[in-house]
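Comments concern the structure below.
In this text the structure is predicted, and so the values were computed from the model without any measurement.
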There are 2 protein chains.
Amino acid sequence: MKEQERYMDLLKEQMAYKEAIGLMAWDMRTKAPIKGMDNRAEVIGVLSQKVHQLQTSEEMKHLIESLKGRFPDSVTEKALLESEEDFERTSKIPIEEYRDYVTLQSKAEAVWGKAKDESDFASFQPYLEKLVEYNQTFAEYWGYKNHPYDALLHNYEPGITVKKLDQVFPDLKAALTELLNKIKKADEQPDPSILRGHFPKEQQAKFSKEILARMGYDFEAGRLDETVHPFAIGLNVNDVRVTTKYDEEDFRTAVFGTIHEGGHALYEQNISPELSFTPLATGTSMGIHESQSLFWENFVARSESFWQNHYHLFQKYAPAHFKDVPLTDFFKAVNEVKPSYIRIEADELTYCLHIMIRYELEKALISGEIKVKDLPLLWNEKMRDYLGITPRNDAEGVLQDIHWAGGDFGYFPSYALGYMYAAQFNASIRKELDVDRIIQAGEFNRIKQWLASNIHRYGKMKKPLEILEDVTKERLNPKYLVDYLSQKYQHIYKF
Amino acid sequence: MKEQERYMDLLKEQMAYKEAIGLMAWDMRTKAPIKGMDNRAEVIGVLSQKVHQLQTSEEMKHLIESLKGRFPDSVTEKALLESEEDFERTSKIPIEEYRDYVTLQSKAEAVWGKAKDESDFASFQPYLEKLVEYNQTFAEYWGYKNHPYDALLHNYEPGITVKKLDQVFPDLKAALTELLNKIKKADEQPDPSILRGHFPKEQQAKFSKEILARMGYDFEAGRLDETVHPFAIGLNVNDVRVTTKYDEEDFRTAVFGTIHEGGHALYEQNISPELSFTPLATGTSMGIHESQSLFWENFVARSESFWQNHYHLFQKYAPAHFKDVPLTDFFKAVNEVKPSYIRIEADELTYCLHIMIRYELEKALISGEIKVKDLPLLWNEKMRDYLGITPRNDAEGVLQDIHWAGGDFGYFPSYALGYMYAAQFNASIRKELDVDRIIQAGEFNRIKQWLASNIHRYGKMKKPLEILEDVTKERLNPKYLVDYLSQKYQHIYKF
């Protein structure tokens, strides 16, 4: 018993550091004065090192060995498995190497910011080369069965491998491309110009907040702020914060962005409180997390049912000219499909194509099949191949995302996985609930309850593919996403 | 050299926890969702325990013993003296006893809040009795020469003793009481009713921010927020935040409150950066801190020179009727003297009388001369004696302040000391600078520079009385405060 208590104390200490680091990150992105950043970075460094020390200490190793298996099927047992994995993965990287890598990351992010502004890939190239090299080395330290990229995928989506992705992505690509071609040729085309017009951000915020509240986001256990890059962050189960970005000339940024982040936040707010102060008290993977945000953003808030109920409320806050925009035109316009250079501006259909480009490049970089210096050319080739457009410069091409500058190789696939998971969950919930009628009636609480009891509450008690299979009784299957998109766009584009 | 590095690493770790705890405290008072508070309290508990462990570890003890004296007159040496004192004071209290005390504090604060709301001293009494008992015990642990209260004073104002306070307070009391009587009988009486009128908080905020900026408060190294109880907090030298409270029917709350907190903030923003990540990087004592806030609030912002320059700016933001209020009447009204029940609403003259009441009661409680149960009666007696008014209930009497509920015995005298220090600094700066002309010209930067180079930059490199004596070439002397107040009120009340 003493060992179990001691283990729980160490977990609590670890979670205390993580809450502190989380609050500091939130603060730096929302409120913190610019001049305090250097000091703050050092403080975060100290606390991160404490987490590292805890995860890799001899005492932790001993406690894991001694306690594992003694509490089958309990929270403690699952936490021990997490701790064991943290221990193994973290201690495989020599501490000096890891420190140098962290320093490189923050330098590379700064260089990337400037390189992007100036569309200057060459200045970023040496940093990216080193980051790729580190990730290749880490993949070797961590080990893998078939492909070094598997070791990186594991950081974001345990259970997902190159093999699995290569089973689903080609079919998905073929189906999406086919759909895209049909849409391009369709007679009926939405008119997005009707969505334009100055929409003051205070008004956008009022609408967004009302929707968030209807979704079941608990404002007494969270808050909404404004940032340059929107995000959601769970400091603890009762403190899950959302941020959004306002574009006064295009309400879609804030409205769909807030709902998206709200989907992430609902996940974190509805994790079972018994997991608090353990590493299990968070979403189980990036992909499952993304499935929740995308479910609310697209399957709910971009549906016709949603706008049938909420267009009136929207018009209450929107500029006067929306009074003259018919619901049908509005619904079609917010669902316009149009290949874009920028991933985060992509529509529901082309989004996964953006992800596949990144996946293929990352995989080939890590295996050494391609070189960093060739990225700009390869990127543009793939854009032509997948989307039929060619970026005019690297800023809107290979330099657009921060992920690589942060060394986050293996992260991008989670976005497409999240989409496929969301479509599978969508099919499952529809077997049990009349979702369209529920959305029309604005009874979001029933949807939230379903997601909470089937997905959210487990936190990391279940692995991502375990959740997927428990809920959908099926393995990863891109068919659901293809079916959903086909039906949706057939209805809108009438092809 | 290795030992010195190790010591600096431990200090850095300690300061990292303190910055984290500070940010959490700021967040809880400004932004944090209510439901996350329980979790947050546990996190703060974990981090505070880490600070405690660091301060009292065998390693720290060894490092102090080994390093002390090896770097005379250096930052390291001064830091070692701070660490030594932390070690000695902290390790004298058994850890279990300290933990119980911390638990009692937070319970007592909650009980006090309710007791104050209901003006029910009896419900708070048992908690206060225990808190007094703990403080009596701590005083014995810490040790003292003459009076147990000295041991508590040392926490807030090292160097100050009962003996010293008993040398200055009686004279101060006599002089203030005499002044108060003259003022009461004076023919000329200010009319504070002219200050009333609805003043939207956005407008108050604009004026306050402009003044803060003119004072030299660096908004890139801080920010201004709204809270129920205003405060300033230094997270690090480049992140010093201020909060204020707005009363739309009485602008004085926010305007003078913001300037007051701004005075605290200037102190923290101007501490020498070479002290960063040591326990020296903060104000040297509560009293010296209060001297800075009071200097700006009263000696600057309640002066006639200040309003000669800033009344026009004030009128720009203030409600229209201020256009008809002459400057002289305005200046007199913001300097009205009127005995009040509530300390934080007191004017410049009666403020120190409120403090002396608390000092006398605290001192007698700690020495055991009086009992907690007798406090309400004694409080009201002293209010009659010092201020000539009797609280109508305990909510506006003995229950008004949170300090005792937090166990902060020995803190109150700092407020009066700060006043006396401020008056002494005021006399010193006037020997070097033409302060009235500078204030009239709005050249606050020259005042800020003087304070920064004489006081702020030292942080805790100098003890409070060392600063006082170095700057003023004199010991603690209430004469300066009496002279300042006499001149000011003679001018206003024409007695």
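- Of all heavy-atom pairs spanning A/Ala20 and B/Ala20, the tightest one is CB-CB, 4.0 Å.
- Heavy atoms closer than 4.5 Å to chain B are found nowhere in A/Ile21, neither backbone nor side chain.
- Chain B forms more heavy-atom pairs under 4.5 Å with one residue of A/Trp26, A/Phe219, A/Phe277 than with any other, namely A/Phe277.
- One finds the NZ atom of B/Lys35 at 3.5 Å from the CG atom of A/Asp218 (value rounded to the nearest 0.5 Å).
- Between A/Asp38 and B/Asn238, the closest side-chain pair of non-hydrogen atoms is not below 4.5 Å.
- Taking CG of B/Asp27 as the reference point, atom CZ of A/Arg241 lies at 4.0 Å (rounded to 0.5 Å).
- Scanning all heavy atoms of the two residues, the minimum distance from B/Pro33 to A/Gly222 falls at CB-N, 3.2 Å.
- For chain A, the nearby part of B/Leu47 is the side chain; its heavy atoms alone come within less than 4.5 Å.
- Among A/Gly45, A/Ala32, A/Ser276, A/Gly36, the residue with the largest count of heavy-atom pairs under 4.5 Å with chain B is A/Gly36.
- Counted within 6.0 Å of CD1 on A/Ile95, heavy atoms from surrounding residues, nucleotides or ligands total more than 12; the atom is thus considered enclosed.
- Between the CD atom in A/Glu13 and the NZ atom in B/Lys50 there is a gap of 3.5 Å [rounded to 0.5 Å].
- Per-residue counts of heavy-atom pairs under 4.5 Å with chain B were compared for A/Val43, A/Ile34, A/Asn39; the largest is that of A/Asn39.
- No other option in A/Ile44, A/Asn236, A/Val46 has as many heavy-atom pairs under 4.5 Å with chain B as A/Asn236.
- By the neighbour-count criterion of 12 heavy atoms within 6.0 Å, atom OH of A/Tyr101 is densely surrounded, having more than that number from other residues, nucleotides or ligands.
- Contact count versus chain A (heavy atoms, under 4.5 Å) is highest, among B/Leu23, B/Val237, B/Asp225, for B/Leu23.
- Residue-environment remark: NE2 (A/His198) exceeds the threshold of 12 foreign heavy atoms within 6.0 Å.
- With a 4.5 Å cut-off on non-hydrogen atoms, A/Lys31 touches chain B through its backbone and its side chain both.
- A distance of 8.0 Å separates CE of A/Met24 from CG of B/Leu235, quoted to the nearest 0.5 Å.
- Within 6.0 Å of CZ on A/Phe87 lie more than 12 heavy atoms contributed by other residues, nucleotides or ligands.
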